[in-house]
Protein chains: 2
Amino acid sequence: MIERGKMMKEYRAVLKAVGLKATIQRLKLMEVIGHSGHITVDDMVVAVHESHPSISVATVYKNISQMLESGIVVEIPIVGQKSQYELKKMDHIHLICTDCGFVEDEQLDIAFDQKLNYAVTKDSFLITRSQINLYGLCYNCQTVVK
Amino acid sequence: MIERGKMMKEYRAVLKAVGLKATIQRLKLMEVIGHSGHITVDDMVVAVHESHPSISVATVYKNISQMLESGIVVEIPIVGQKSQYELKKMDHIHLICTDCGFVEDEQLDIAFDQKLNYAVTKDSFLITRSQINLYGLCYNCQTVVK
DNA sequence: ATATGTGCAAAGGGTTTGCAGATAT
DNA sequence: ATATCTGCAAACCCTTTGCACATAT
């Protein structure tokens with residue numbers, strides 16, 4: 001589990017732990033993802049280019065795939081939009097604004113967890129990961145006049 | 001809200017209600033989606049072709065878009081897979097098997113709803129739709145020896 | 001009658017792949 | 001030293017678009 005805003009050294013350790021070499025491209029990528037919280041591939045490419053203009057799109061894709069496989073990055077599929085990606089952390093809820101697209105994290109509390117376990121028992125379904133997305137309007141988009 | 005297994009006449013009414021003409025292509029599509037529960041675009045194309053071989057892929061895409069816009073069909077984005085689509089019904093939970101890909105519906109109960117409302121109040125976030133996907137292993141994939 | 005919808009084929013855009021040269025360990 | 005990684009460009013999807021013909025109302 002990685003927390004937001006970790007520094008390079010810690011990303012190095014994370015990569016090492018899953019057997020991936022700590023290349024500049026990978027470190028920049030993790031920095032970008034960690035800093036943003038959640039981000040699309042396109043935005044990753046743009047952001048990474050700011051500090052390392054020569055990184056290729058292919059490299060970004062290859063690395064995202066590897067990081068997904070190794071579990072250090074997680075996909076957030078979103079209705080009507082491209083998926084976003086985030087560094088692996090505790091399961092939590094996403095509040096997704098259908099107007100501006102902003103994604104906010106919300107802690108998944110204990111009562112919720114119990115609820116999830118209930119579903120397990122009931123259906124003989126072994127849950128390994130929960131993905132809770134609530135779509136609606138963020139505070140800004142509720143109040144701003146269009 | 002549409003229930004699974006409605007017949008042609010009812011699909012006609014649904015289409016009329018949102019101002020879409022009741023073409024054979026659309027009726028077949030709704031039938032296929034309704035019958036399957038949840039289905040990918042590719043599988044829709046295959047299934048529709050069985051009863052109506054001349055329907056074009058472009059038509060399927062155009063119709064899915066329109067049905068999403070008009071709200072009679074809903075997208076289910078899934079981690080690491082293509083999105084699936086279902087006819088609009090009450091919000092519910094999806095149990096997604098990460099092994100065989102099977103998607104099962106689970107009723108969203110009242111306690112859950114209260115929880116969602118709590119998030120609203122707390123964050124001034126106006127929820128319009130909830131999407132809860134639980135990933136794991138279905139009963140079959142837990143027991144089958146590989 | 002006419003506004004919509006369909007099918008075709010071409011265009012578009014995002015993602016993947018293969019390979020030679022570069023890099024981390 | 002060498003297994004792994006990067007960048008490039010081509011290949012590959014899946015999805016969208018434009019247009020002439022067909023269809024639902």
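Naming: A, B, ... by sequence-line order, numbering from 1 per chain.
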Between atom CG in B:L29 and atom C1' in C:dG7, what is the gap in whole Å? 14 Å
Within this structure, what is the OH-to-P distance between A:Y85 and C:dG14, rounded to whole angstrom? 13 Å
Test applied, side-chain hydrogen bond (donor to acceptor under 3.5 Å, both in side chains); reference residue, A:H94; option that passes from A:E104, A:Q84, A:E86, A:Q131: A:E86
May I ask you to decide if B:Y135's main-chain N or O and A:T128's side chain share a donor-acceptor pair within less than 3.5 Å? yes
Quickly work out the B:L15 CG to C:dT4 P distance and round it to whole Å. 15 Å
Find the distance A:I64:CD1 to C:dT16:C1' and express it as a whole number of Å. 14 Å
Whether the side chain of B:D43 engages the backbone of B:I39 through a donor-acceptor N/O pair (distance < 3.5 Å, no angle test) should be reported. no
Rounded to whole angstrom units, what separation is found between the CD atom of B:E69 and the C1' atom of D:dT16? 13 Å
Side-chain N or O of B:T59 versus OP1/OP2 of C:dG7: is the shortest distance under 4.0 Å? yes
Using whole Å, what does the distance between atom P of nucleotide D:dC14 and atom NZ of A:K82 come to? 17 Å
Just by modelled atom types, is the A:L137 backbone N or O under 3.5 Å from a matching donor or acceptor in the A:Q142 side chain? yes
Per B:S56 side chain, nearest of listed nucleotides C:dG14, D:dT6, C:dC8: C:dC8
Within the 4.0 Å heavy-atom criterion, would you say B:K62 contacts the bases, only the backbone, or no part of the nucleic acid? base
Would you say C:dG7 has OP1 or OP2 under 4.0 Å from some side-chain N or O of B:S54? yes
Could you check whether any side-chain N or O of B:H49 sits under 3.5 Å from a backbone N or O of B:A47, counting only pairs where one atom can act as donor and the other as acceptor? no
For a quick test of your reading: what N or O donor-acceptor pairs under 3.5 Å do the side chains of residues 69-78 of chain A make, sequence neighbours left out?
from: A:S70; atom 1: OG; to: A:Q66; atom 2: O; distance (Å): 3.0
from: A:S70; atom 1: OG; to: A:M67; atom 2: O; distance (Å): 3.3
from: A:E75; atom 1: OE1; to: B:G80; atom 2: N; distance (Å): 2.8
from: A:E75; atom 1: OE2; to: A:S83; atom 2: OG; distance (Å): 2.7

Expressed in angstrom and rounded to an integer, what is the separation of B:H52 atom NE2 from D:dA22 atom P? 14 Å
By a strict heavy-atom criterion of less than 4.0 Å, which residues belonging to residues 16-28 of chain B are in contact with DNA chain D? B:K21, B:A22, B:I24
Separation of C:dG5 P from B:R12 CZ (nearest whole Å): 14 Å
Steps toward side-chain contact (heavy atoms from CB on, under 4.5 Å) verdict (A:L134, A:E106): CA-CA 10 Å; A:L134 304 182; A:E106 174 80 16; over 6 Å; no
